[in-house]
Amino acid sequence: QRPILRLLSCPGTVAEDLRRDEQPSGSVETGFEDKIPRKRFSEMQNERREQAQRTVLIRCPEKISENKFLKYLSQHGPINNHFFYESFGLYAVVEFCRKESVGSLQNGTRTPSMAMETAIPFRSRFLSLKLKNQTSEQSCIQSSDQLPPSNRKLCELLCYAESIDDQLNTLLKEFQLTEENTKLRYLTCSLIEDIAAAYFPDCVVRPFGSSVNTFGKLGCDLDMFLDLDETRNLSTHKTSGNFLTEFQVKNVPSERIATQKILSVIGECLDHFGPGCVGVQKILNARCPLVRFSHQASGFQCDLTTNNRIALTSSELLYIYGTLDSRVRALVFGIRCWARAHSLTSSIPGAWITNFSLTMMVIFFLQRRSPPILPTLDSLKTLADAEDKCIIEGNNCTFVRDLNRIKPSGNTETLELLLKEFFEYFGNFAFNKNSINIRQGREQNKPDSSPLYIQNPFETALNISKNVSQSQLQKFVDLAQESAWVLQQKDTDRLSVSNNQPWGLAAILLPTVPNRRSFTKKKRKRSANESVRNLLESLKSNRTANFTETNEK
Ligand code: GTP
Ligand code: MG
């Protein structure tokens, strides 16, 4: 169970300005928005990381005066922005203008003394604010709920929208990560980085996956990558003379063993000393070893990996696709929510389609439009310059990083059309013989008999959906056909709002609606057998810890 995360708004903060400036993708414009120069992924990551390093997380008393709180903290230096949120208690995220302010605040902070227990002294940027005198403060913090809407609220919002385009943009607006939530994700990585830095002073802990690839939904997990390249590459600094120095190190037989050893130690450290890190699990035998834990104060479920640079590159590629054209995110959010509503995806690993695979399917579909809405990965490679050249473990990961060099698409299709066509396209896709390949943007013969074959864009001999069973694929195809059919019915249009009937997107997010019965009758007969089959398949695949074991063998 994740704790409820409620953000409390601070009117007029820099955060709001940033939200206005940096999140045009939530706007309802359709198509390529080429007015604003877009930041490179690495620029965005570096800026946010630097902000996070000037930021502290403070557990606050329940009742607190915002003005007094800010005045107290300003003794250590000017504050750039701040916000409050609730997650089993009140927390504040405070970003100072200067990094030195954090040190100054820490220097005036003490380790608590406990009556019954002993505190392990640990200096971090996660603090607790106590009132010296128990005067009851008037709380003047305004609360604004940043959770995604309940199903009921969502249904209402969708029913009152003007069009299916409007519905998809509403869904995106309600579910996308807010500016504050994004800040909290970078701050959490930065706090973990401080802990890992005790062993590896030059390490960087970078968020990847949906937290940064523009497809993150409120409540999604926080994937972290412990980057040790700085430590590894220090020796490349040129020195004069005929000598070079190398560190004396311990050797192990393989990269995998090195990864396991590093994660094992960091996992122990998080468990013993990491403030707010609970439920630490070391899943070191997975294909991609990881440490999983809950960061209580932020409410994030975290997966920490290392030696997983390709996943970071995949996130960068998805960031480019998600930022290029505002229709991409709206469609991906719509399809992800649709899949979740019908239990096609699950938070438990198994024979199900993952959000990552679904996103690849949407990208592929958008590459297949005429004219294409998204470029193929190969064409992004041809736009690359020398700086973009990137080879990871022998895999060519070169593609253009500067978004402003990618030509806009001339395609002006509406989201409504794209949604319907997505279901048509995959409802009739020859999954039995073809694979999906975003590198070339066309179907290819499947190299093996996996029910669903989506080529890994960088490790091209691998299938990212190897885990998906035939019955789960069939369920996806059936639901795609059914949804295409529902969207084509006249009575799913805007007019039926007067009868309070869910229409358009709302109609396909519902498990069943009466007017679909004729379509689904035949299919339902199969469902009993299918349930048994699914159960067996999930039992089989649950032996593995996460996707990393089930996929890509
Ligand atoms: P959420 O469901 O919102 O967490 O989406 P996500 O994209 O963050 O997925 P997840 O947390 O499962 O994985 C994090 C990242 O790891 C993804 O964005 C991918 O970059 C990578 N990844 C996930 N699954 C696979 C896979 O099957 N193969 C490969 N190569 N990479 C994967
Ligand atoms: Mg994730």
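Values in this document were obtained by computation on a predicted structure and should not be read as measured data. This chain uses plain numbering: 1 for the first residue, then up along the sequence. Counting starts at 1 for both ligands and their atoms, following the listed order.
- Close contacts of ligand 1 with S314, meaning ligand atoms under 4.0 Å from a residue heavy atom, involve 20 (O).
- With no hydrogens or angles considered, a side-chain donor-acceptor pair links T354 and S357 at under 3.5 Å.
- Contact between A311 and ligand 1 is present, with at least one heavy atom of the residue lying under 4.0 Å from the ligand.
- Taken from CG in L473 to CG in D478, the straight-line distance is 9.5 Å, to the nearest 0.5 Å.
- For the residue pair T376/D378, the side-chain donor-acceptor check at 3.5 Å is not satisfied.
- No hydrogens or angles considered: nothing links the side chains of T345 and R340 as a donor-acceptor pair under 3.5 Å.
- Cation-pi geometry between R401 and F399 is met: under 6.0 angstrom from the ring centre, within 45 degrees of the axis.
- Per-residue contacts place F208 under 4.0 angstrom from the following atoms of ligand 1 (heavy atoms of the residue considered): 14 (C), 15 (C), 16 (O).
- Ligand 1 has R336 within reach: a non-hydrogen atom of the residue lies less than 4.0 Å from it.
- For the Mg ion (ligand 2), protein N, O or S atoms under 2.8 Å: 2 in total.
- Every atom of ligand 1 with a heavy atom of C220 under 4.0 Å away is listed here by number and element: 3 (O).
- For ligand 1, one of its N or O atoms has an N or O atom of D223 under 3.5 Å away.
- For ligand 1, one of its N or O atoms has an N or O atom of N456 under 3.5 Å away.
- Every atom of ligand 1 is numbered from 1 in the order shown, and the set under 4.0 Å from a heavy atom of S210 is 1 (P), 3 (O), 4 (O), 5 (O), 6 (P), 7 (O), 8 (O).
- Between E47 and Q51, the side chains place no donor N or O within less than 3.5 Å of an acceptor N or O (distance only, hydrogens not considered).
- With a 4.0 Å heavy-atom cut-off, ligand 1 is reached by no atom of F215.
- Inspection of the R125 and S190 side chains reveals an N or O donor paired with an N or O acceptor under 3.5 Å.
- Within the 4.0 Å heavy-atom shell around ligand 1 one finds D221.
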Given the rule in the side-chain contact (heavy atoms from CB on, under 4.5 Å) test, do F426 and M361 qualify, once you have shown the distances and angles that lead to the verdict? CA-CA 9 Å; F426 283 113; M361 290 169 95; 3.9 Å; yes

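- Look at D385 and R405 and you find a salt bridge, because one of the NZ, NE, NH1 or NH2 atoms lies within 4.0 Å of a carboxylate O, short of that distance.
- A cation-pi arrangement is not found for R309 relative to F225, the charged atom failing to lie both closer than 6.0 Å to the ring centre and inside a 45° cone about the ring normal.
- Between the side chain of D194 and the backbone N or O of L191, no donor-acceptor pair lies under 3.5 Å.
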